[in-house]
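Inspection log for the structure reproduced underneath, given as structure tokens.
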Amino acid sequence: MATVGRRRLRELFDDAPTPHIAHHPRTHHREFYVATDGSFAPDGGGLGVIIETGSGERVARLAVPDPAPDNNVAEYRALHLGLDVLAHRAPADANVGVLVDHSALAGDVNLAVLAGRGAEYRPVRDVSVPAGATNHWRGIRARVAGFGELRAADLRSNENPAHVLANAPKEYAHVNDEPPRCLLPRVETDEPQIPPPSRANRHAGD
């Protein structure tokens with residue numbers, strides 16, 4: 001259930017710019033939204049993740065300590081984590097709205113989305129991935145390609161609900177124990193389903 005008095009991720013996404021991609025009205029109807037943030041501190045930073053359905057139902061929250069070398073790398077690590085979690089909780093063809101408060105990251109994600117449309121696309125600029133986030137960027141690109149559609153929006157830091165989770169991961173560690181929701185539906189197979197033995201048959205050989 002959505003929390004009363006707090007803006008849903010969908011509302012934040014609708015009001016935020018999506019760099020390099022026009023904010024077409026159809027992009028305002030996403031099935032899942034993921035907000036992430038990464039923080040850096042000399043004594044250890046953190047990664048924050050919040051995932052909701054389009055109706056505002058919470059899917060997951062994470063507040064994870066992480067010793068990123070700087071804030072830029074932390075932002076890419078946080079998004080990688082958020083997309084990994086969402087990939088295990090949502091159908092593969094889900095339409096996803098991403099919210100980050102790092103304009104370069106939002107731009108890189110949307111450039112990756114556009115590049116996936118075909119070889120004829122010519123990006124307006126090269127991606128600007130921090131050197132320490134190269135492997136995480138590969139993971140992000142793989143997740144972006146795996147969903148049905150995806151757009152990234154650029155929030156202001158004080159609007160990002162994942163910000164507090166990233167900046168105080170120990171204080172908010174309890175959110176990591178919340179039960180999982182919106183798990184993948186059971187996969188149907190063509191193999192015949194063998195029913196469990198009846199109570200009578202189970203003891204027939206006794």
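In what follows, residues are counted from 1 in the order of the sequence shown. Side chains are part of it too, since the values below use all heavy atoms of this structure and drop only hydrogens, waters and symmetry mates.
Summarising the geometry, atom OG belonging to Ser39 is positioned 10.0 Å from atom CG belonging to Leu165; distances are rounded to the nearest 0.5 Å. Atom NE2 of His174 and atom CZ of Arg61 lie 5.5 Å apart (nearest 0.5 Å). With values rounded to the nearest 0.5 angstrom, Arg58 atom CZ is found 9.5 Å from Leu9 atom CG. Rounded to the nearest 0.5 Å, atoms NE2 (His163) and CG (Leu155) are 12.0 Å apart. Taken from CD in Glu31 to CZ in Phe147, the straight-line distance is 10.5 Å, to the nearest 0.5 Å. For the atom pair CD1 of Ile51 and CG of Leu62, the computed distance is 7.0 Å after rounding to the nearest 0.5 Å.
Closest of all the heavy-atom pairs between Ala94 and Phe32 is CB-CD1, 3.9 Å. Nearest heavy atoms, Leu111 versus His20: CG-CD2, 3.7 Å. Closest non-hydrogen pair, Leu150 versus Arg30, comes out as N-NH1, 3.5 Å. Of all heavy-atom pairs between Asp108 and Ser128, the closest is OD1-N, 3.1 Å. Shown here for Tyr76 and Pro130, the closest heavy-atom pair between the two residues is CE1-CD, 3.4 Å. Closest approach of Ala162 to Gly48, counting heavy atoms only: CB-O, 3.7 Å.
With salt bridges taken as basic N to acidic carboxylate O contacts below 4.0 Å, none links Glu52 and Arg8. For the pair Glu159 and Arg7, the salt-bridge criterion is not met [side-chain N within less than 4.0 Å of a carboxylate O].
Side-chain N or O atoms of Asn160 include one that pairs as donor or acceptor with a backbone N or O of Thr36 at under 3.5 Å. Here the side chain of Asn110 pairs no donor or acceptor atom with the backbone of Gly107 at under 3.5 angstrom. Under a 3.5 Å cut-off, the side chain of Asp154 and the backbone N or O of Ala106 do not form any donor-acceptor pair.
Under the 4.5 Å side-chain contact rule for hydrophobic residues, Phe40 and Val129 do not share a cluster.
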In residues 64-75, what donor-acceptor pairs under 3.5 Å come from side-chain atoms, sequence neighbours left out?
| residue | atom | partner | partner atom | Å |
| --- | --- | --- | --- | --- |
| Asp66 | OD1 | Arg77 | NH1 | 3.4 |
| Asp66 | OD2 | Ala68 | N | 3.4 |
| Asp66 | OD2 | Arg77 | NH1 | 2.8 |
| Asp70 | OD1 | Asn72 | N | 3.0 |
| Asp70 | OD1 | Val73 | N | 2.8 |
| Asn72 | OD1 | His102 | NE2 | 2.9 |
| Glu75 | OE1 | Gly38 | N | 3.4 |

Let me check something: any side-chain donor-acceptor pairs from residues 136-145 under 3.5 Å, sequence neighbours excluded? List them with distances.
| residue | atom | partner | partner atom | Å |
| --- | --- | --- | --- | --- |
| His136 | ND1 | His80 | ND1 | 3.0 |
| Arg138 | NH1 | Asn135 | OD1 | 2.5 |
| Arg143 | NE | Asp84 | OD1 | 2.7 |
| Arg143 | NH2 | Asp84 | OD1 | 3.2 |

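Between Val59 and Val85 the shortest side-chain heavy-atom distance does not fall below 4.5 Å.
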Decide side-chain contact (heavy atoms from CB on, under 4.5 Å) for Val96 and Leu86; before the verdict, give the C-alpha distance in whole Å, the side-chain angles of both, and the deciding distance to 0.1 Å. CA-CA 9 Å; Val96 179; Leu86 179 59; 3.6 Å; yes
